[in-house]
There are 2 protein chains.
Amino acid sequence: MALFADLEHEDFELIHKPILEISKFSGETLYNQGEEGQYLYTIRSGVVKLTQYLPDGGQRIVRLLRQGDIVGLETLVSPVYEHFATVLRDAELCQIPRDVVERLNKETPRLHSQLLSRWHVAVQRADEWLTELSTGSSKSRVARLVIGLSDKNDQTCHLFSREDLGAILGVTTETTSRIIAEFKRDGALKDKGKNHFWADLERLETIANQNN
Amino acid sequence: MALFADLEHEDFELIHKPILEISKFSGETLYNQGEEGQYLYTIRSGVVKLTQYLPDGGQRIVRLLRQGDIVGLETLVSPVYEHFATVLRDAELCQIPRDVVERLNKETPRLHSQLLSRWHVAVQRADEWLTELSTGSSKSRVARLVIGLSDKNDQTCHLFSREDLGAILGVTTETTSRIIAEFKRDGALKDKGKNHFWADLERLETIANQNN
DNA sequence: AGCGGGCATTGCGAAATATCAATTTGATCT
DNA sequence: AGATCAAATTGATATTTCGCAATGCCCGCT
């Protein structure tokens, strides 16, 4: 498990509570905003979204987490979870009691740098999200998102529901749908069924970088 | 200095390099994105903005930092600065060599929790920025920004140039200007000169939470 | 007080996006 | 295959935001 990569044999003896492996299906919830944070999770496979709500009912997906990422890192610093964590694509997770990490963090220095760099990555991603997915025309933003979701090796890409994509980008479901449909008509995306596409990354890159 | 609040007397003997106090005027730069990160800064007074650029030339202010905040935290984890840091309102800063913090972090545990919580705050702010300032109509977003910049005690508020406000919100300068001018006409803001306003926080709150 | 220069504001037409209401498509179940 | 249901797409129209140019205003300078 990546979070514990630097730990050594003796460190693990400090773990007195069980670390469970759990499976969650798409749509299931890991935790809700405001709940007392008991666990953090590392993702072995699948995708988890973190959502925040506004008083006016508006919602925004603020991050996507995937293999190797940690869900609920904030429990180490804050008493409650700060987002809604929902599974977007069937996931295998390790559920780690918060005090296990706290204890390890206190008693061994080997976790410190891991934790710092996890936080760093979270900030980096948040900043990227802001500059890439919340700046520019919705067409550019959709293009950037698709690129970000693409597997660069085989030029392939799994998308999510138009509603979720919209909540990631801060635009409506319909706008997202129209743009993706347009990409399909233009050949920038080729539908392979089940929200699985072949992506013309070069063309998408062009669209991402033009400001109109 | 808040970052070192938990340190004790002996810890400071680990500091072998000088910590400078520096003043910067509005418009001056602390560092550029991609530069090797030598220093981090704590803010004693004033405001600093962190900006990121897109390949297409788009720009976005991703964070505002003020008294007590740390600028350039990422140098502890990454070799280069990840933003452009520019002074937005005349500032007094403490310039701390990066290896001072690294050394302290290695040799005393008293800095660890400070650093973790600093990162945590950075992520929280980034998420707020996204949900509050990048979601909803531009009118709501301007309202939320003004509220965020207000002093809740005296219902007063210093704004920045319309251009900067626009870069914070991801809208054009003109749109920002129009909305603020409208707030002034409606009495939600009352001009006191020099971008200093009296703010009707209740009314702004209402505008912030209506989705149209 | 008068002069400049940089912002801020405003007007107007164009473009982008939202909104609401159909259709169409696609996957699943029987 | 047919039925069914949810999601995606499309159409038509309303609103919002942009983009550009013109104008106005504030502030510091002399």
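Below, each value reflects all heavy atoms present in this structure, side chains not excepted, and no hydrogens, waters or symmetry copies. Protein chains get the first letters and strands the later ones, always in sequence-line order, with residue 1 at the start of each.
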Round to the nearest Å and state the distance from [X] atom [atom1] to [N] atom [atom2].
X: B/I180; N: D/dC26; atom1: CD1; atom2: P; answer: 16 Å
X: B/E174; N: D/dC20; atom1: CD; atom2: C1'; answer: 8 Å
X: B/E163; N: C/dT9; atom1: CD; atom2: C1'; answer: 15 Å
X: A/F183; N: D/dA8; atom1: CZ; atom2: C1'; answer: 16 Å
X: A/N195; N: D/dA8; atom1: CG; atom2: C1'; answer: 9 Å
X: B/K192; N: D/dC27; atom1: NZ; atom2: P; answer: 14 Å
X: A/D191; N: C/dG26; atom1: CG; atom2: P; answer: 8 Å
X: B/I179; N: C/dT10; atom1: CD1; atom2: P; answer: 13 Å

Checklist entry - Please, which pairs that meet salt bridge (Lys or Arg N to Asp or Glu O under 4.0 Å) have at least one residue in residues 18-43 of chain B, sequence neighbours excluded? => result B/E21-B/R44
Nearest to the side chain of [X], heavy atoms from C-beta on, is which of [options]?
X: B/R162; options: D/dT9, C/dT9, C/dT10; result: C/dT9
X: A/A181; options: C/dA27, D/dT17, D/dT9; result: D/dT9
X: A/S177; options: D/dT10, C/dT9, C/dT17; result: D/dT10
X: B/K194; options: D/dC27, C/dT10, D/dA8; result: D/dC27
X: A/R178; options: C/dT9, D/dA12, D/dC20; result: D/dA12

Next on the checklist: Could you check whether atom NZ of A/K190 has more than 12 heavy atoms from other residues, nucleotides or ligands sitting under 6.0 Å from it?
Outcome noted: no
Checklist entry - Would you say A/Q155 has more than 12 foreign heavy atoms packed within less than 6.0 Å of its CD? => result yes
Checklist outcome for this item: Ranking A/S138 and A/G193 by the position along DNA chain C of their nearest nucleotide, the one closer to 5' is A/S138
It should be established whether [X] places a side-chain nitrogen or oxygen under 4.0 Å from OP1 or OP2 of nucleotide [N].
X: B/K184; N: C/dA8; answer: no
X: A/T175; N: C/dA18; answer: yes
X: B/K139; N: D/dT17; answer: no

Item to check | Check: B/R141 and B/E132 side chains under 4.5 Å, non-hydrogen atoms | outcome: no
Checklist entry - Do the side chains of A/L93 and A/T42 get nearer than 4.5 Å, heavy atoms only? => result no
Next on the checklist: Just to be sure I understand the rule, does A/R141 reach a base, reach only the sugar-phosphate, or reach nothing, if contact means heavy atoms closer than 4.0 Å?
Outcome noted: nothing
Checklist outcome for this item: Only one of A/L115, A/L76, A/V100 passes side-chain contact (heavy atoms from CB on, under 4.5 Å) with A/N105, and that residue is A/L115
Checklist entry - How bent is the helix from C/dA1-D/dT30 to C/dT30-D/dA1, comparing axes over its five end pairs at each side, to the nearest 10°? => result 40°
Checklist entry - When the ring planes of A/Y81 and A/Y31 are compared, do they come out parallel, tilted or perpendicular, using 30° and 60° as the limits? => result parallel
